[in-house]
Amino acid sequence: MSFNSDVAKRLEEISEMLELLGENPFKVNAHARAARAVEGSSQDLRGLTDHRAALVAIEGIGPKIADKIIEFAKTGRMTEHDELSAQVPAGLMVVLAIPGLGPKTVRMLWQERQITDVAGLKRIIEDGSILDLPRMGKKAVEKIANAIRFAEQDTGRLHIGVAMPVARAIVEHMRRVPGVTEAAYAGSLRRGKESIGDIDILVATKDPAGAAAAFTGMPGVLAVLASGERKCSVRFALEVDLGRWEMEGLKGDAEEGPSVQVDLRVVDEASWGAALMYFTGSKEHNVRLRERALKRGLTLNEYGLFPEDSEDTPPQQRGVKPVASAAEAEIYGGLGLPSIPPEIREDRGELALTETPRLIEVGDIRAELHAHTTESDGSLALEELVAGAKARGFHTIAVTDHSKSSAVAGGLDVKRLKKQREAIDALRERTEGMTILHGSEVDILSDGRMDFDDETLAWLDVVVASPHAALGQDPATATNRLLRAIENPHVNILGHPTGRLINRRPGLEPAMEEVYAAAREHDVALEINAHWLRLDLRDTHVRGAVEAGCLIAIDCDVHQGEDFDNLVYGVLTGRRGWLPPERCVNTWDRARLGAWIGRKHPR
Ligand code: DGT
Ligand code: CA
Ligand code: CA
Ligand code: ZN
């Protein structure tokens, strides 16, 4: 964090603590105003701390606050901040950070009910006694309860769909740096995990200092956390457009906005493969590889695979020639293994493989089977949706707007469906080389009934059945609900089966083994919803479903043109679940796919 942000943060906290203690409002405001002035200042105030008059000259900073800034520059502390911190319980500042709770309310909770932490606040919400306090109506309390639930859910990990574009841009930036011969992202991102802790970037170069400087100096770097020749760490600004999803899900510094840590490792080209393997992980996979190496009289580290000897000094420092080091495949080969795709390097049985498995790839996908138009909550007109699918080289697009119970999403009733059919028929006349299926994303009601009668479901070309409401129901009820939908003779695909949103809400927790068995028996494909907030089925479910013999659908649940680009996240999730292309219905050719869907919608 910059000096200015550090100072602003402390002044802001002083203001908050003064207010919690019921101090003079002028003093409270003076500190809040000074915090804003410092934050908003375009010059680095550290440079002014030798000139008290220059600080005081800044609008919003008085002599007393100037002294606090100078004290902070000299000692890294503000005495007043320390003193106030001793009087205000730390837990209360956490309560204050909950959206919807201002200092006045928090002070009241503290004074009237002796609430000093989130646990205490939850207690009076649960027993309802919070409602007796002034300004605490039902609506306000519900909002607070939601904010607490959300804060507890948030793991601080970043969605893959937010991290991936950032990592790609950084890799591109590093590739253009003189001397750099290789650049890649590694870590959990390369393994395609749904959320990532930090971004790991690896480069090979003849000029380590140049690479490090290009990295720490790139646009978007908010702070340099560590900087050496071979290893740097920065905090990087995120510009996120969540579109129809709100912004609130992203952790970030209040002043700087959402950010992510990015680590850079700089290696020699000769050890590129060993380093890439090491920094891709997972840690558990790496541990297994090293054990295997030792059993074979070899030793593996981030510099290479070396013959084992009993020396203490690492082999690369003694000039020992590695058995393999430049490419990952050579190292796997040296360990008697086939190349193992990054997405399955999780120590979940991958070291028993005797050949590289053919996992699904983006290029295998030929059809989108879950998409919305302006008729419900999509932003693409029917023609635009079809054009989008065509531009991706697909042979089939299914138009599946919401059904009537999803009223807020503009769900269609039968009458509107019939009108939509006319529009689709007309478009079919004008469209070549693209099969347009008229389907519906039909709500699975909370008891498992479908939102349309069987006659309507049969009449549709394809049915995606999805749970949208009542996602908090208990596991047994959820299981029965999904099984009933799967058993319906006209359902082709179970859409986002649990309804979870990553870092937001857990969704249904049905007995997945029963869901897999029923889906297999009734020939229903389980969807991997490719939107990076959903990825539902999740990776472990995909693995279970594949092992149970199920079919999988990977759909973008298109609401806007860019949603087609989310396909990669669905495919990565499929790969993490060891999904081979033939088990994914979206890879089938037009005839096979049409026949499979049509069996439940005879004409
Ligand atoms: P994340 O960032 O929490 O989503 O997960 P990763 O897997 O990206 O973990 P990270 O960033 O801590 O480290 C990147 C890779 O570096 C990790 O996947 C494996 C490797 N690595 C890091 N620390 C260790 C370690 O102590 N032992 C071993 N064997 N590998 C490590
Ligand atoms: Ca990482
Ligand atoms: Ca890392
Ligand atoms: Zn949908």
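Ligands are counted one by one from 1 in listed order, and the atoms in each one are counted from 1 as well. The shown structure was predicted, so the numbers you read here are calculated from the model rather than taken from an experiment.
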Report task. Please say whether more than 12 non-hydrogen atoms of neighbouring residues, nucleotides or ligands are located less than 6.0 Å from OH in Tyr303. Result -> no

Query raised in the report: Just which atoms of ligand 1 are under 4.0 Å from any heavy atom in Arg290?
Result: 29 (N)

Query raised in the report: With no hydrogens and no angle check, do the side chains of Ser466 and Glu441 hold a donor and an acceptor under 3.5 Å apart?
Result: yes

Report task. Quick one: look up the protein heavy atom nearest atom 26 (O) of ligand 1 and list residue, atom name and how far away it is. Result -> Lys283 CE, 3.4 Å

Query raised in the report: When you measure from the Zn ion (ligand 4) to each N, O or S atom of Asp557, which atom gives the shortest distance?
Result: OD1

Requested in this report: Specify which N/O/S atom of His370 comes nearest to the Zn ion (ligand 4), by atom name.
Outcome: NE2

Query raised in the report: If you measure every N/O of Ser282 against every N/O of ligand 1, is any gap under 3.5 Å?
Result: no

Query raised in the report: Does the distance from a Lys or Arg side-chain N to an Asp or Glu carboxylate O, for Asp413 and Lys415, drop under 4.0 Å?
Result: no

**Report entry** Which residue and heavy atom of the protein sit nearest atom 8 (O) of ligand 1, plus the separation
**Finding:** Ser188 N, 2.8 Å

Query raised in the report: Would you say the ring centroid of Trp588 lies under 6.0 angstrom from that of His395?
Result: no

Query raised in the report: With the Ca ion (ligand 3) as the point of reference, which N/O/S atom of Asp263 is the closest?
Result: OD2

Query - Side chain to side chain, Arg392 and Glu368, heavy atoms closer than 4.5 Å - result: no

Query raised in the report: Quick one: does Arg290's side chain get under 4.5 Å of Asn286's, heavy atoms only?
Result: yes

Query - Spacing of CD1 belonging to Ile196 relative to OG belonging to Ser188, to within rounding of 0.5 Å - result: 5.0 Å

Query raised in the report: Considering only heavy atoms of Gly197, which atoms of ligand 1 have at least one such atom less than 4.0 Å away?
Result: 1 (P), 2 (O), 3 (O), 4 (O)

Query raised in the report: Which residue owns the protein heavy atom closest to atom 7 (O) of ligand 1, what's the atom, and how far is it?
Result: Arg191 NH1, 3.0 Å

Query raised in the report: Does any N or O atom in Gly187 lie less than 3.5 angstrom from one in ligand 1, N or O only?
Result: no

Query raised in the report: Would you say atom 22 (C) of ligand 1 has a protein heavy atom nearer than 4.0 Å?
Result: no

Requested in this report: Return yes when atom CZ of Arg230 has more than 12 non-hydrogen atoms of other residues, nucleotides or ligands closer than 6.0 Å, and no otherwise.
Outcome: yes

Query raised in the report: Against heavy atoms of Arg157, which atoms of ligand 1 measure under 4.0 Å?
Result: 1 (P), 3 (O), 4 (O)

Query raised in the report: So, His372 and the Zn ion (ligand 4): N/O/S under 2.8 Å, yes or no?
Result: yes

Query raised in the report: With a 4.0 Å cut-off, would you call Glu328 and Arg190 a salt bridge?
Result: yes

Query raised in the report: Which of the N/O/S atoms in Asp200 sits closest to the Ca ion (ligand 3)?
Result: OD1

**Report entry** Distance flag, aromatic centroids of His531 and His559, threshold under 6.0 Å
**Finding:** no

Query raised in the report: Can you tell me the protein heavy atom closest to atom 24 (C) of ligand 1 and the distance?
Result: Tyr278 OH, 3.8 Å

Query raised in the report: Backbone, side chain, both or neither: what part of Lys193 comes under 4.0 angstrom of ligand 1, heavy atoms only?
Result: neither

Query raised in the report: Which one of Asp263, Leu202, Asp198, Ile199 has a non-hydrogen atom at the shortest distance from atom 11 (O) of ligand 1?
Result: Asp198

Query raised in the report: So which heavy atom in the protein is nearest atom 15 (C) of ligand 1, and how far is it from that ligand atom?
Result: Phe279 O, 3.2 Å

Query raised in the report: Is the Lys NZ or Arg CZ of Arg348 less than 6.0 Å from the centre of Trp578's six-membered ring, within 45° of the axis?
Result: no

**Report entry** Any protein heavy atom < 4.0 Å from atom 18 (O) of ligand 1
**Finding:** yes

Query raised in the report: Does an N or O from Asp200, backbone or side chain, lie closer than 3.5 Å to an N or O of ligand 1?
Result: yes

**Report entry** Asp198, N/O/S atom nearest the Ca ion (ligand 3)
**Finding:** OD2

**Report entry** Contact check, Ile196 vs ligand 1, heavy-atom distance below 4.0 Å
**Finding:** yes

Requested in this report: Quick one: sort the His601 and His490 rings into parallel, tilted or perpendicular, breaks at 30° and 60°.
Outcome: tilted

Query raised in the report: Taking atom types as modelled, is there a side-chain donor on Asn492 or Trp596 under 3.5 Å from an acceptor on the other?
Result: no

**Report entry** Charged N-O contact under 4.0 Å between Glu194 and Arg538
**Finding:** no

Query - Atom name of the N, O or S atom in Glu441 that lies nearest to the Zn ion (ligand 4) - result: OE1

Requested in this report: Compute the minimum heavy-atom distance from Thr280 to ligand 1 and say whether it is under 4.0 Å.
Outcome: yes

